[in-house]
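First the structure, in the form of structure tokens, and then the observations on it.
Keep in mind that this is a model prediction, so the values were computed, not measured.
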Amino acid sequence: MQTGLWELNMMPEKISIVIVDDHPMLRHGLISMFSLHSHIKVIGDYGSADSLMKALAIGQPDILLLDLSIPDISGEDLAPKLLRLYPKMKIIILTGNNSAYSARMLLDNGVQGYLLKNSEQHLLLQAITNVQRGFTFISPELQDRVFRMSKQIKNDLISAENLTNREIQVLRMIANEQTSQQIADELGLSLRTVENYRMVLMQKLGAKNMIGMVKK
């Protein structure tokens with residue numbers, strides 16, 4: 001049975017936590033673990049976004065532990081929405097998804113932590129402490145991949161800055177799966193000119209093919 005947010009009557013140094021996961025056993029396991037640590041207080045646990053939103057309208061925790069796989073909305077969509085509504089609340093993603101792309105995307109959207117569910121307990125406690133102090137925490141096994149992805153994104157942005165307005169326009173149309181002939185007809189260009197744009201874009205973006213170019 002899910003518990004609701006209850007009145008916060010605790011010492012200021014305590015960190016208030018809300019857990020969101022559709023597996024009751026995991027929620028109860030975390031609650032039991034946190035009960036052994038006097039600086040952490042679980043003030044609610046929920047299995048759906050709907051029940052969470054109703055509780056947050058009453059009060060928010062210091063940190064929200066959020067799974068990405070919940071029934072009524074994905075965590076990827078929910079996290080940015082929550083951060084817009086409650087900017088003082090910090091979010092740590094607690095998930096089985098080890099995608100560096102998902103981690104990077106969520107961190108870029110304001111999430112402060114990304115931790116895998118197979119992590120040791122001390123890492124979760126460390127993540128909570130770090131995030132509460134204003135730092136970002138990423139699962140150690142993802143840190144290198146996320147860093148390399150961030151570096152690649154930065155390089156891609158530098159490459160994109162060298163594109164002309166026309167090249168950006170053509171690139172967007174390619175990304176929308178328009179053929180060279182469709183692009184030529186819409187922009188009033190020759191087919192050869194559009195093909196030249198494609199070649200130039202691949203060179204500027206350092207892509208080996210159209211798929212790589214569109215990804216960047």
Side-chain angles (χ1 to χ4, degrees), residues 1-5 15-34 40-153 215:
M1 182 173 180
Q2 296 176 3
T3 59
L5 284 171
I15 303 172
S16 59
I17 300 285
V18 162
I19 304 165
V20 184
D21 193 289
D22 61 343
H23 293 94
M25 187 179 296
L26 184 140
R27 299 199 309 271
H28 297 159
L30 289 174
I31 291 170
S32 178
M33 182 193 81
F34 289 139
I40 294 176
K41 183 75 171 180
V42 177
I43 62 170
D45 68 282
Y46 305 95
S48 69
D50 181 61
S51 57
L52 170 69
M53 296 301 288
K54 290 176 181 176
L56 291 180
I58 300 171
Q60 303 84 49
D62 295 318
I63 295 176
L64 177 71
L65 296 181
L66 176 64
D67 184 22
L68 292 181
S69 301
I70 47 180
D72 36 358
I73 184 175
S74 71
E76 287 94 341
D77 293 330
L78 180 60
K81 179 180 178 180
L82 293 176
L83 290 168
R84 287 193 299 270
L85 290 172
Y86 310 108
K88 292 184 178 180
M89 183 177 70
K90 298 177 175 66
I91 296 179
I92 297 175
I93 300 298
L94 187 59
T95 179
N97 183 354
N98 67 351
S99 165
Y101 175 80
S102 293
R104 180 70 269 168
M105 178 186 68
L106 285 158
L107 291 166
D108 286 344
N109 282 326
V111 165
Q112 290 87 356
Y114 195 98
L115 188 67
L116 297 181
K117 286 183 176 180
N118 62 0
S119 300
E120 296 290 338
Q121 289 185 8
H122 72 89
L123 285 177
L124 176 55
L125 295 171
Q126 184 181 342
I128 289 171
T129 300
N130 285 17
V131 166
Q132 180 65 8
R133 291 175 177 173
F135 300 105
T136 298
F137 189 93
I138 307 172
S139 271
E141 59 197 275
L142 286 177
Q143 287 176 3
D144 184 56
R145 283 194 287 147
V146 171
F147 174 77
R148 283 189 280 110
M149 178 172 287
S150 299
K151 186 176 180 180
Q152 183 61 53
I153 290 171
K215 282 183 177 179

Quick one: does [X]'s side chain get under 4.5 Å of [Y]'s, heavy atoms only?
X	Y	value
K90	D62	no
L56	P61	yes
K88	Q60	no
L68	L106	yes

Working to the nearest 0.5 angstrom, can you tell me the gap between [X] [atom1] and [Y] [atom2]?
X	Y	atom1	atom2	result
M89	L83	CE	CG	6.5 Å
L78	I91	CG	CD1	7.0 Å
I73	S48	CD1	OG	11.0 Å
I128	L115	CD1	CG	9.0 Å
L116	L123	CG	CG	10.0 Å
S139	N118	OG	CG	7.5 Å

Shortest non-hydrogen separation from [X] to [Y] and the atoms involved:
X	Y	value
S102	Y114	CB-OH, 3.8 Å
F137	A127	CD2-CB, 3.4 Å
G75	P80	O-CD, 4.3 Å
G47	P71	O-CD, 3.4 Å

Inset, instruction - Begin from the C-alpha positions of L30 and I17 and carry the test side-chain contact (heavy atoms from CB on, under 4.5 Å) through to its verdict. - result: CA-CA 10 Å; L30 289 174; I17 300 285; over 6 Å; no
Inset, instruction - Please check if atom CD in Q143 has more than 12 non-hydrogen atoms from other residues, nucleotides or ligands closer than 6.0 Å. - result: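 Above 12, so yes.
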Inset, instruction - Before giving the answer on side-chain contact (heavy atoms from CB on, under 4.5 Å), spell out for E76 and N109 the whole-Å C-alpha distance, their side-chain angles and the decisive distance to 0.1 Å. - result: CA-CA 9 Å; E76 287 94 341; N109 282 326; over 6 Å; no
Inset, instruction - Start with the C-alpha distance between Y46 and L64, add both sets of side-chain angles, then the distance that settles side-chain contact (heavy atoms from CB on, under 4.5 Å), and finish with yes or no. - result: CA-CA 11 Å; Y46 305 95; L64 177 71; over 6 Å; no
Legend entry - Test item: T129 side-chain N/O and L125 main-chain N/O as donor-acceptor pair under 3.5 Å: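 Such a contact is found between T129 side chain and L125 backbone.
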Inset, instruction - Answer yes or no: is there a donor N or O on one side and an acceptor on the other, between the side chain of S16 and the main chain of K41, under 3.5 Å? - result: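 No: the side chain of S16 does not pair with the backbone of K41.
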Inset, instruction - Go through the steps to decide whether K117 and L94 satisfy the test side-chain contact (heavy atoms from CB on, under 4.5 Å), and finish with yes or no. - result: CA-CA 6 Å; K117 286 183 176 180; L94 187 59; 4.1 Å; yes
Legend entry - Among D72, I19, V18, side-chain contact (heavy atoms from CB on, under 4.5 Å) partner for L52: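 Going through the options one by one, the only one that passes is V18.
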Legend entry - Single hit among D67, D21, D22, D45 for side chain to side chain donor-acceptor pair (under 3.5 Å) with R27: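 Exactly one pass, corresponding to D45.
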